[in-house]
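Let me begin by presenting the structure, written as structure tokens, before commenting on it.
Every heavy atom of this structure was used, including side-chain atoms; hydrogens, water molecules and symmetry mates were not. In what follows, chains carry the letters A, B, and so on, assigned in the order in which the sequence lines appear, proteins first and then strands, with residues in each chain numbered from 1.
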Amino acid sequence: MSRNLEEAKFSVISDINKIFKENNYPILPIDENPIQGDISIICFPGAQALKKSPQEVAKNVSEMIYDIELIKETFVVKAFCNIVLDWELLSEDIFADINLSEYGRGVSKANSILLEHTSANATGPFHMGRARNPIIGDSVSRLLKYYGYKVSTEYYVNDTGRQAATVAYGIKNFKGGDSNKQDHRLVECYRQASEALKSDENIKSKIYKKMELIESGDKEALMEVKEAAEMMLSGMKSSLKRLNAEADSYFHESDLILDGSVNVVIKSLKKSNICAEEKGAFYLNLEGKNIAGRNQKFFFTRNNGLSLYTTRDIAYHLNKFTRFNKALNILGEDHKLQSNLLNIALEELDSNKPDNLFYSFVNLPGGKMSTRAGRVVYLDDMMDQIVGASLERLKEVDMSDNQKRLLSEKIGIGSLRYNVLKVQPEKGFTFSIDDALSIQGDSAPFAMYSHARMSSILRKYGESIPDFKLESDLVESEIELIRTMARWPKTVESAVDKFAIHIIPNYVHQLSSKFNNFYRDCKVIGDTNEALRINLVNTSKRILFDALDILGIEAPDRM
RNA sequence: GGGCCUGUAGCCUAGCCUGGAAGGGCGUCUGGCUUCUAACCAGAAGAUCCAGGGUUCGAAUCCCUGCAGGCCCGCCA
């Protein structure tokens with residue numbers, strides 16, 4: 001009989017409940033992932049009814065159940081009756097399951113998902129605060145794909161409005177900086193144009209005139225901002241590429257004006273019965289909608305009848321749902337209200353609504369990250385630094401310079417991603433370069449190193465993975481490793497459930513750590529259990545590789 | 001004024017949805033490389049789980065009230 005761990009636990013638990021019933025015992029709560037053992041029966045609640053102390057109940061329970069099939073032993077700690085399963089019996093079955101090449105992957109789903117991430121305004125290089133978005137977005141998309149969804153990622157390019165017009169004006173009229181990276185060079189144009197906008201009425205009116213042309217659908221003006229945004233974006237895209245997080249497609253806001261879909265939105269929203277008008281500008285009246293704050297009017301046109309950012313966002317989402325069944329947005333927490341408003345509008349238009357994953361902002365020690373105040377750590381600089389630090393660590397390793405360069409890139413970028421991903425998105429964090437550069441313990445290099453050890457063993461073994469038979473008792477660290485591997489599919493499932501990507505790094509660390517314990521205790525090559533242990537190494541390696549891949553981290557075979 | 005999020009050892013963090021025995025990591029101290037890779041491993045010290053109240057046999061977890069920090073409340077994007 002083949003069974004995975006879930007099924008084994010289920011069978012044991014139903015046997016336990018059967019025994020409770022037969023003996024007229026109250027049904028006691030059961031912890032399926034206890035601190036000690038594989039299953040734990042919590043005996044506090046039965047105490048009163050049975051007129052016994054919780055400890056006595058636990059002892060009693062342990063005597064009642066110890067000969068259930070698959071239970072190897074039971075031991076009582078306080079009021080917990082802990083059960084250890086018979087891993088000698090189970091491991092072959094569980095292993096057969098783990099050995100399947102699709103182990104952990106979800107079955108292919110019918111739904112297609114458009115995952116929008118990053119969508120930073122094309123006004124200059126990414127800073128670390130913004131970098132949380134592509135890293136989370138890219139990894140969540142990998143996670144959802146692993147689980148069986150068809151996922152496509154998209155970057156929404158805000159190339160209309162004042163900022164975009166200012167960028168276009170700046171690129172046309174000012175000289176850039178001297179960096180050889182496009183976005184770092186062009187951001188100087190934008191800075192100067194922004195300054196001029198503030199101090200020079202003439203330039204201000206030029207930019208605002210351009211803005212109006214853009215919003216009214218003037219083709220030439222639209223092409224101009226679109227091209228300017230493209231220029232800036234080309235530099236930003238190369239940062240994303242280095243981060244291993246480039247989007248599959250880029251959607252230009254300007255196209256929504258160009259193709260008239262914004263006007264369709266305005267027309268439809270005007271038919272809504274919560275639509276009202278004030279001095280020529282139209283809005284949805286939100287009174288009674290339980291939306292936060294002082295402002296109960298959600299404007300979707302200016303008094304000149306032209307669209308606002310939100311209006312175009314509505315059009316964008318309608319567009320998304322013509323292409324995909326579902327939409328998921330990765331957004332900074334500052335977009336929460338905005339997204340509520342969007343949802344209300346979509347509801348008025350009878351449209352589907354997107355799911356959202358919000359993340360908190362990244363601070364620097366001492367306060368907010370702000371480009372304007374010059375308190376800023378650029379993503380590009382951070383990647384250089386962390387890759388440099390990784391290269392430094394490889395100094396003594398016997399490898400060609402080129403190999404070291406490639407490897408340090410993987411390690412550095414992996415560390416950066418891991419550090420961002422291991423924290424719950426809704427938790428704000430203060431970005432410390434020192435912490436980011438500290439790459440031991442719960443980090444990408446720890447996992448990568450474990451993976452390299454696995455590869456090394458298999459490389460030395462040199463033959464194809466053998467069949468195995470259990471010839472002696474498993475040692476504790478082997479069981480622990482199997483236990484951890486057995487938890488992988490559940491881990492993926494719960495991460496998908498809540499879009500909780502931080503669960504994956506957590507698992508990666510556990511698996512790596514358990515493997516390192518196994519490595520310490522168990523000689524693989526040349527041992528009497530060689531065949532089994534090669535299998536253990538092989539499956540751990542595959543799971544670790546997959547898990548790291550979800551995080552967008554490349555698992556090296558040597559380091 | 002209002003809404004949302006966060007608060008766990010010196011520092012960072014998991015656990016909170018679905019209540020049951022507080023997990024990791026950094027840093028500190030001690031020890032381990034002629035043995036499949038020491039970016040590793042073992043051991044030690046370190047926690048009024050922000051505060052107070054409630055529900056419960058049982059609360060870091062659920063409810064209420066505070067406190068502290070973040071974000072937001074424009075005919076900007």
Give [X] one of three labels, base, sugar-phosphate or nothing, depending on what nucleic acid heavy atoms sit under 4.0 Å from its own.
| X | result |
| --- | --- |
| A/E333 | base |
| A/A47 | nothing |
| A/K336 | sugar-phosphate |
| A/M559 | base |
| A/D557 | base |
| A/P54 | nothing |
| A/Y519 | base |
| A/N121 | sugar-phosphate |
| A/N517 | sugar-phosphate |

**Asked** Any donor-acceptor pair under 3.5 Å between the side chain of A/S40 and the base of B/A21?
**Response** yes
**Message:** Any donor-acceptor pair, under 3.5 Å, between the side chain of A/D31 and the base of B/A21, if you only look at N and O atoms?
**Reply:**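 Checked by distance alone, the answer is no.
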Give the nucleotide from the list [options] with an atom nearest to the side chain of [X].
| X | options | answer |
| --- | --- | --- |
| A/Q424 | B/C16, B/C71, B/C75 | B/C16 |
| A/I35 | B/C36, B/C75, B/G23 | B/G23 |
| A/S360 | B/C75, B/U37, B/C5 | B/C5 |
| A/K427 | B/U6, B/C26, B/A21 | B/U6 |
| A/P445 | B/A39, B/C72, B/A42 | B/A39 |
| A/R520 | B/A42, B/C75, B/C73 | B/A42 |
| A/E215 | B/A77, B/C17, B/C75 | B/A77 |
| A/V423 | B/A21, B/G20, B/A14 | B/A14 |
| A/P45 | B/C57, B/A38, B/A21 | B/C57 |
| A/K498 | B/C76, B/U13, B/C17 | B/C17 |

Listed in order of residue number, which residues of [range] have a non-hydrogen atom at under 4.0 Å from RNA chain B?
| range | value |
| --- | --- |
| residues 407-421 of chain A | A/I411 |
| residues 502-512 of chain A | A/H502, A/N506, A/H509 |
| residues 306-316 of chain A | A/L308, A/Y309, A/R312 |

Please table the atom pairs, donor to acceptor, closer than 3.5 Å between any side-chain atom in residues 503-511 of chain A and protein atoms at least two apart or in another chain.
| unit_1 | atom_1 | unit_2 | atom_2 | d |
| --- | --- | --- | --- | --- |
| A/Y507 | OH | A/T484 | O | 2.7 |
| A/Q510 | OE1 | A/R487 | NH2 | 2.3 |

Please give the distance between the [atom1] atoms of [N] and [M] as a whole number of Å.
| N | M | atom1 | result |
| --- | --- | --- | --- |
| B/C64 | B/G25 | P | 36 Å |
| B/G53 | B/A47 | C1' | 23 Å |
| B/A38 | B/G20 | P | 39 Å |
| B/U56 | B/G74 | C1' | 48 Å |
| B/G19 | B/A39 | C1' | 40 Å |
| B/A21 | B/U37 | P | 41 Å |

**Asked** Would A/F361 and A/F431 count as a close aromatic pair, with their ring centres under 6.0 Å?
**Response** no
**Message:** Regarding A/R417 and A/S139, do their side chains bring together a donor and an acceptor under 3.5 Å, going by distance alone?
**Reply:**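 Yes - a donor-acceptor pair under 3.5 Å links their side chains.
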**Message:** Can you confirm whether the side chains of A/D557 and A/S455 place a donor and an acceptor under 3.5 Å from each other?
**Reply:**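 Distance-only check passes for A/D557 and A/S455.
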In this structure, how many angstroms lie between the [atom2] atom of [N] and the [atom1] atom of [X], rounded?
| X | N | atom1 | atom2 | answer |
| --- | --- | --- | --- | --- |
| A/N33 | B/A21 | CG | P | 14 Å |
| A/L341 | B/C75 | CG | C1' | 14 Å |
| A/R393 | B/A38 | CZ | P | 14 Å |
| A/E426 | B/C5 | CD | C1' | 8 Å |
| A/D521 | B/G32 | CG | P | 19 Å |
| A/Y359 | B/C72 | OH | P | 12 Å |
| A/I41 | B/A21 | CD1 | C1' | 15 Å |
| A/L437 | B/G27 | CG | C1' | 16 Å |

**Verdict with supporting geometry, A/N158 and A/R312, side chain to side chain donor-acceptor pair (under 3.5 Å)** = CA-CA 10 Å; A/N158 304 127; A/R312 298 182 299 259; over 6 Å; no
**Working for side chain to side chain donor-acceptor pair (under 3.5 Å), residues A/N363 and A/T430** = CA-CA 4 Å; A/N363 291 314; A/T430 302; 4.9 Å; no
**Asked** Which pairs count as side-chain hydrogen bond (donor to acceptor under 3.5 Å, both in side chains) when at least one residue sits in residues 437-449 of chain A, sequence neighbours excluded?
**Response** A/Y418-A/D442
**Pair assignment for B/A38, Watson-Crick or G-U wobble, requiring both distances under 3.5 Å** =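 Partner of B/A38: none found under 3.5 Å.
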**Message:** With the criterion set at under 5.5 Å between ring centres and under 30 degrees between planes, would B/G20 be stacked on A/F44?
**Reply:**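 Yes.
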Validation: residues 48-56 of chain A side-chain donor-acceptor distances under 3.5 Å, sequence neighbours left out:
| unit_1 | atom_1 | unit_2 | atom_2 | d |
| --- | --- | --- | --- | --- |
| A/S53 | OG | A/E56 | N | 3.1 |
| A/S53 | OG | A/E56 | OE1 | 3.3 |
| A/E56 | OE1 | A/S53 | N | 3.0 |

